[in-house]
A.B. asks: 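Quick one: this structure, given as structure tokens, is what I'll be asking you about.
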Amino acid sequence: MKQIISLFFAIILFLNAGFAQEIKSPNQLVTLQFSLQADGSPSYTVHYKNKAVIKPSKLGFELEKDPVSLLNGFTILDTKTSTFNENWNPVLGEVAIINNHYNELAVTLHQANTQRKLILRFRVFNDGVGFRYEFPQQKNLVYFTIKDEKTQFAMTGDHTAYWLPGDYDTQEYDYTISKLSEISSLFKGAVTGNASQTSFSNTAVQTSLMLKTAEGLYINLHEAALYNYGAMHLNLDDKNMVFESWITPNANGDKGNLQAPCTTPWRTIMVSDDARDILASKMTLNLNEPSKISDVSWIKPVKYVGVWWEMITGKSSWSYTNDYPSVQLGVTDFANAKPSGTHGATTENVKKYIDFAAAHGFDGVLVEGWNVGWEDWFGHAKDYVFDFLTPYPDFDVKSIHAYAKSKGVKMIMHHETSGAVRNYERHMDKAYQFMKDNGYDAVKSGYVGPILPKGDFHYSQWAVNHYQYALEKAASYKIMVNAHEAVRPTGISRTYPNLIGNESARGTEFQAFGGSKPNHVTIVPFTRLLGGAMDYTPGIFEMDISKMNPNNHSHVNSTLANQLALYVTMYSPLQMAADLPENYNRFPDAFQFIKDVALDWSDSKYLEAEPGDYITVARKAKGTDNWFIGNVNGNNSRTSTIQLDFLDKNVNYEAIIYEDAKEAHYKTNPQAYMIRKVTVNYKTKLNLFSAPGGGYAISIKKK
Ligand code: NOJ
Ligand code: CA
């Protein structure tokens, strides 16, 4: 009998083997082919303009305590193709209307010897392919644990990669640009001081991963709609140039506990021969569900200043006292603790920032170090450090609230959790209610240090579920969220538009922790920003950090004009003017650009782009006829030629150009900038110089 059954399965597999089905993108340029191999293992390829992008690559899973797993022995039960074409309007965004147009192939697979079903859903867009695994409700697959996801991305050659080491806890690295074959030898050097406790493979890199082929194809590998699953890194078999999914494990080492019916996140492959298409792609957002928040009237763009850079540079401190460990939350009477004398978040100092915000038209003021717990912070080992409710004695919540209100400025809350996830969840309702009671509509949360309970990672299924819990809970209080050190976003701001920002990459703070590479900002939009907005905190005018803190010899590797351009090149509805008010007061003419620049756009045109070298984008401010242009430049000086043919015809505009002076250089002469006014129209062509680590910013208004 057994033999007959085996023969029967063998015949079915034989009949299915070689089965291949193809779908194309709406413009016919991207082709996805799905097939079953001889042993019944699913596999796919991707082509762009008839050239291979992804060579035959396997799909499937190893399951815990399940020798059969979901790797092979499949037959095809059913295939369905369909087309979808719809426009939708993001609440806040780079454009007012997003077109979601794809052709879909859904393949239902049947694993005969286990009687299990698995659906593979592919969506082919003009800008690439997204696919995911779906586990329908079924008798023989209910609760299961992923041992390993075995999704392959077989490369066609030794491409150039813009990569970050595959850490499970942080993306706060500089990028390394190298051939795929060089990753393993460069890996150690790429893991800088902030590496976590994770032990990684020296060929695992983070997504979003940007790649460029020798023939000039731009490829991006990432994921969309990451829910209830560990974040995906990619591990490279560098003999065969095949990437395989490398899922962040939970504390016990498994790669996720699931219950059918459920789906994985989408695995995405963007492709174009024009780098600008990658920046303009809306595929990640399109693979997410429409908004689950019906009343979005309270979700607004936020331009803000904050009691922040002074702590980051070491000019002042988060903590009220240095009396550690004699003070303890709930034990010590803080009114009697000895003040350190360097505390930043004093009522008096905060009021100065409120005055500055009001005088220059900012929406909000962020204050860090306002609450008890920072004196104990560096321990990172305790679960009770913060309660998010108890201010230090020199921070008067009520009077600050009243003062801000009288000046028309909103306070922005700060919740540093120190990675103590359960502690945050325990206090969350009270903490959010406290915000509402005291006039705070937005929270910057943070997860510095190892996740507690110990052993879990920032990007594990368990932690991903926490960030989502916090986001949904915040939505129920009408609170906007900007989470730092959380998992990098995957387009979920479409579904939860109260996620107005994330850090989840190396932000400006690293310029005060030693410095970042000058071309960092020419790569981030190709990688991290594809998943959502970043709270990059630009706007630094004083590059010599020792001017703020004589003990800190860091240098900001950027020109002042480059800092202005970041408000346009780093799309975000949340933008900080990060420098100190006194530094802005020294350069009021350049500061005007930060005051003028919009945060929400009806249109965006990527004019020039090359990862690692330069990005130039023009954006139209929503509800106006005003345009803003930003250019950021990498290590070598460059002149761009841009055509303003996106302007309305037959009207003259006034353009204010903020640009690097000829002698500007990010290291030696960062503050050398020029400002000029010119009349422009749709026929105007501008030749604009950018210094090393430099750039330009332009505001354009109808005359
Ligand atoms: C790291 C965050 O990125 C930074 O913005 C914040 O000030 C510190 N953590 C303290 O929470
Ligand atoms: Ca950070």
A.B. asks: With side chain to side chain contact (heavy atoms under 4.5 Å, CB included) as the test, pick out the partner of Tyr696 among Thr616, Asn562, Leu564.
C.D. replies: Thr616
A.B. asks: Can you tell me how far apart CH2 (Trp88) and OG (Ser291) are? Round to the nearest 0.5 Å.
C.D. replies: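 It is 9.5 Å, given to the nearest 0.5 Å.
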A.B. asks: Looking at Tyr666 and Ser558, what are the two nearest heavy atoms and their distance?
C.D. replies: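 Minimum heavy-atom contact is CB-N, 3.5 Å.
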A.B. asks: Can you name the nearest heavy-atom pair linking Met570 to Gln575, along with the distance?
C.D. replies: O-NE2, 3.0 Å
A.B. asks: side-chain hydrogen bond (donor to acceptor under 3.5 Å, both in side chains), that's the test. Do Tyr304 and Asp535 meet it? Break it down for me.
C.D. replies: CA-CA 11 Å; Tyr304 72 104; Asp535 183 29; 2.8 Å; yes
A.B. asks: Phe510 vs Phe513 aromatic rings, parallel, tilted or perpendicular, using cut-offs 30° and 60°?
C.D. replies: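 Ring orientation of Phe510 relative to Phe513: perpendicular.
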A.B. asks: Which word best sums up how the rings of Phe628 and Trp601 line up, parallel for under 30°, tilted for 30 to 60°, or perpendicular for over 60°?
C.D. replies: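 Ring orientation of Phe628 relative to Trp601: perpendicular.
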A.B. asks: Does Asn498 use its side chain to pair, donor to acceptor, with the backbone of Ile479 at less than 3.5 Å?
C.D. replies: yes
A.B. asks: Would you say the side-chain atoms of Asn519 pair up with the backbone N or O of Asp613, donor to acceptor, closer than 3.5 Å?
C.D. replies: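 Looks like no, no N/O pair under 3.5 Å.
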A.B. asks: Taking only residues two or more places apart in sequence or in another chain, which ones pass ring-ring contact (aromatic ring centres under 6.0 Å, His included) with Tyr218?
C.D. replies: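 Scan of Tyr218 (ring-ring contact (aromatic ring centres under 6.0 Å, His included), adjacent residues dropped) gives none.
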A.B. asks: Within this structure, what is the NZ-CG distance for the pair Lys662 and Asp660, rounded to the nearest 0.5 Å?
C.D. replies: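 Nearest 0.5 Å value for the NZ-CG distance: 9.0 Å.
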A.B. asks: Any idea which heavy atoms bring Gln563 and Gly539 closest together, and the distance?
C.D. replies: OE1-N, 2.9 Å
A.B. asks: State plainly whether the residues Asp441 and Lys478 are in salt-bridge range, i.e. N to O under 4.0 Å.
C.D. replies: no
A.B. asks: Between Phe591, Phe587, Phe593, which is the residue that forms a ring-ring contact (aromatic ring centres under 6.0 Å, His included) with Tyr658?
C.D. replies: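 Testing Tyr658 for a ring-ring contact (aromatic ring centres under 6.0 Å, His included) against Phe591, Phe587, Phe593 leaves exactly one candidate, Phe593.
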A.B. asks: Tyr682 and Asn652: side-chain donor and acceptor closer than 3.5 Å?
C.D. replies: no
A.B. asks: Is there a side-chain contact (heavy atoms from CB on, under 4.5 Å) between Met548 and Ser546? Walk through the geometry before answering.
C.D. replies: CA-CA 5 Å; Met548 271 74 75; Ser546 72; over 6 Å; no
A.B. asks: With side-chain hydrogen bond (donor to acceptor under 3.5 Å, both in side chains) as the test, would you mind laying out the steps for Thr679 and Lys703 before giving the verdict?
C.D. replies: CA-CA 9 Å; Thr679 299; Lys703 279 210 161 177; 2.8 Å; yes
A.B. asks: Test side-chain contact (heavy atoms from CB on, under 4.5 Å) on Asn482 and Ile412; report intermediate values, then the result.
C.D. replies: CA-CA 10 Å; Asn482 162 27; Ile412 301 173; over 6 Å; no
A.B. asks: Would you say Arg506's side chain and Gln511's backbone share a donor-acceptor pair under 3.5 angstrom?
C.D. replies: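 Not confirmed, Arg506 side chain does not pair with Gln511 backbone.
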A.B. asks: Determine, for Phe646 and Lys605, whether the Lys NZ or Arg CZ falls below 6.0 Å from the six-membered ring centre while staying within 45 degrees of the axis.
C.D. replies: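 Verdict for Phe646: no cation-pi partner in Lys605.
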A.B. asks: Going by the angle between their ring planes, with limits at 30° and 60°, are Tyr584 and Phe541 parallel, tilted or perpendicular?
C.D. replies: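 Plane angle over 60°, so perpendicular.
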A.B. asks: As an exercise, state the distance from OH of Tyr496 to CG of Asn288, rounded to the nearest 0.5 Å.
C.D. replies: 10.0 Å
A.B. asks: Could you walk me through whether Asn681 and Val651 pass the side-chain contact (heavy atoms from CB on, under 4.5 Å) test, one step at a time?
C.D. replies: CA-CA 6 Å; Asn681 60 36; Val651 220; over 6 Å; no
A.B. asks: Test Tyr162 against every option in Thr176, Ile177, Thr522 by the side chain to side chain contact (heavy atoms under 4.5 Å, CB included) rule and name the one that passes.
C.D. replies: Ile177
A.B. asks: For the residue pair Leu574 and Leu599, establish whether any side-chain heavy-atom pair is separated by less than 4.5 Å.
C.D. replies: no
A.B. asks: Using modelled atom types only, decide if a donor and an acceptor are shared between the side chain of Asp600 and the backbone of Lys622 within a distance under 3.5 Å.
C.D. replies: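 Looks like no, no N/O pair under 3.5 Å.
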A.B. asks: Examine distances only and state if a side-chain atom of Thr213 and a backbone atom of Leu217 form a donor-acceptor pair shorter than 3.5 Å.
C.D. replies: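 Such a contact is found between Thr213 side chain and Leu217 backbone.
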A.B. asks: I'd like to check the ring-ring contact (aromatic ring centres under 6.0 Å, His included) partners of Tyr175; sequence neighbours left out, ordered by chain and number.
C.D. replies: His520
A.B. asks: Please test Lys702 against Asp625 for salt bridge (charged side-chain N to carboxylate O under 4.0 Å, His left out), starting from the C-alpha separation and ending with a verdict.
C.D. replies: CA-CA 7 Å; Lys702 269 191 183 158; Asp625 286 324; 3.2 Å; yes
A.B. asks: Taking all heavy atoms of Val617 and all of Thr569, pick out the closest pair and write down the distance.
C.D. replies: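 Looking at all heavy atoms of both residues, the closest pair is CG1-CA, 3.8 Å.
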A.B. asks: Looking at CD of Glu654 and CD1 of Ile656, how far apart are the two atoms once the value is rounded to the nearest 0.5 Å?
C.D. replies: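 Reported to 0.5 Å precision, the distance equals 5.0 Å.
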A.B. asks: Any donor and acceptor pair, going by atom type alone, linking the side chain of Tyr567 with main-chain N or O of Pro538 inside 3.5 Å?
C.D. replies: yes
A.B. asks: Can you measure from OG1 (Thr508) to CD1 (Ile312) and round to the nearest 0.5 angstrom?
C.D. replies: 10.0 Å
A.B. asks: Would you call Arg638-Glu608 a salt bridge at under 4.0 Å N-O?
C.D. replies: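 Salt bridge flag = yes for Glu608 with Arg638.
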A.B. asks: Are any side-chain N or O atoms of Asn549 and backbone N or O atoms of Thr313, one a donor and one an acceptor, separated by less than 3.5 Å?
C.D. replies: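 Checked: pair present.
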A.B. asks: With distance as the sole test, does Lys303 use its side chain to make a donor-acceptor pair with the main-chain N or O of Ile594 at under 3.5 Å?
C.D. replies: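 Yes, the answer is positive, given that a donor and an acceptor are paired below the 3.5 Å cut-off.
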A.B. asks: Step by step, work out the side-chain hydrogen bond (donor to acceptor under 3.5 Å, both in side chains) result for Thr342 and Ser317.
C.D. replies: CA-CA 6 Å; Thr342 55; Ser317 60; 2.8 Å; yes
A.B. asks: Between Ala664 and Pro692, what is the shortest heavy-atom contact and its length?
C.D. replies: O-CD, 4.1 Å
A.B. asks: Can you measure from NE2 (His222) to CE (Met283) and round to the nearest 0.5 angstrom?
C.D. replies: 10.0 Å
A.B. asks: So which of Glu368, His414, His415 actually passes side chain to side chain donor-acceptor pair (under 3.5 Å) with Lys444?
C.D. replies: Glu368
A.B. asks: Return yes if some donor-acceptor pair links the side-chain N/O of Asn220 with the main-chain N/O of Phe526 below 3.5 Å, else return no.
C.D. replies: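 Yes; judged by distance alone, with no hydrogens or angles, the pair exists.
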A.B. asks: Report yes if the side chains of Lys282 and Asn99 come closer than 4.5 Å at any heavy-atom pair, otherwise no.
C.D. replies: no
A.B. asks: Using the side chain to side chain contact (heavy atoms under 4.5 Å, CB included) definition, which of the options Asn636, Val632, Asn633 pairs with Ser690?
C.D. replies: Asn633
A.B. asks: Dump the intermediate steps for side-chain contact (heavy atoms from CB on, under 4.5 Å) on Asp277 and Asp127, then the final yes or no.
C.D. replies: CA-CA 7 Å; Asp277 293 341; Asp127 36 354; 5.8 Å; no
A.B. asks: Could you walk me through whether Arg488 and Thr207 satisfy the side-chain hydrogen bond (donor to acceptor under 3.5 Å, both in side chains) test, starting with their C-alpha distance in whole Å, then the side-chain angles of each, then the deciding distance to 0.1 Å, before giving a yes or no?
C.D. replies: CA-CA 9 Å; Arg488 77 276 186 281; Thr207 59; 2.7 Å; yes
A.B. asks: With no hydrogens and no angle check, is any side-chain donor or acceptor of His665 less than 3.5 Å from a backbone partner on Lys667?
C.D. replies: yes
A.B. asks: Give a yes or no on whether a salt bridge exists between Asp603 and Arg619, defined as a side-chain N under 4.0 angstrom from a carboxylate O.
C.D. replies: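 Salt bridge: no.
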A.B. asks: Which pair of non-hydrogen atoms, one from Gly369 and one from Ala345, has the smallest distance, and what is that distance?
C.D. replies: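 So the two residues come closest at O-CB, 3.5 Å.
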A.B. asks: Using a strict threshold of under 4.0 Å (side-chain N to carboxylate O), is an ion pair present between Lys683 and Asp645?
C.D. replies: no
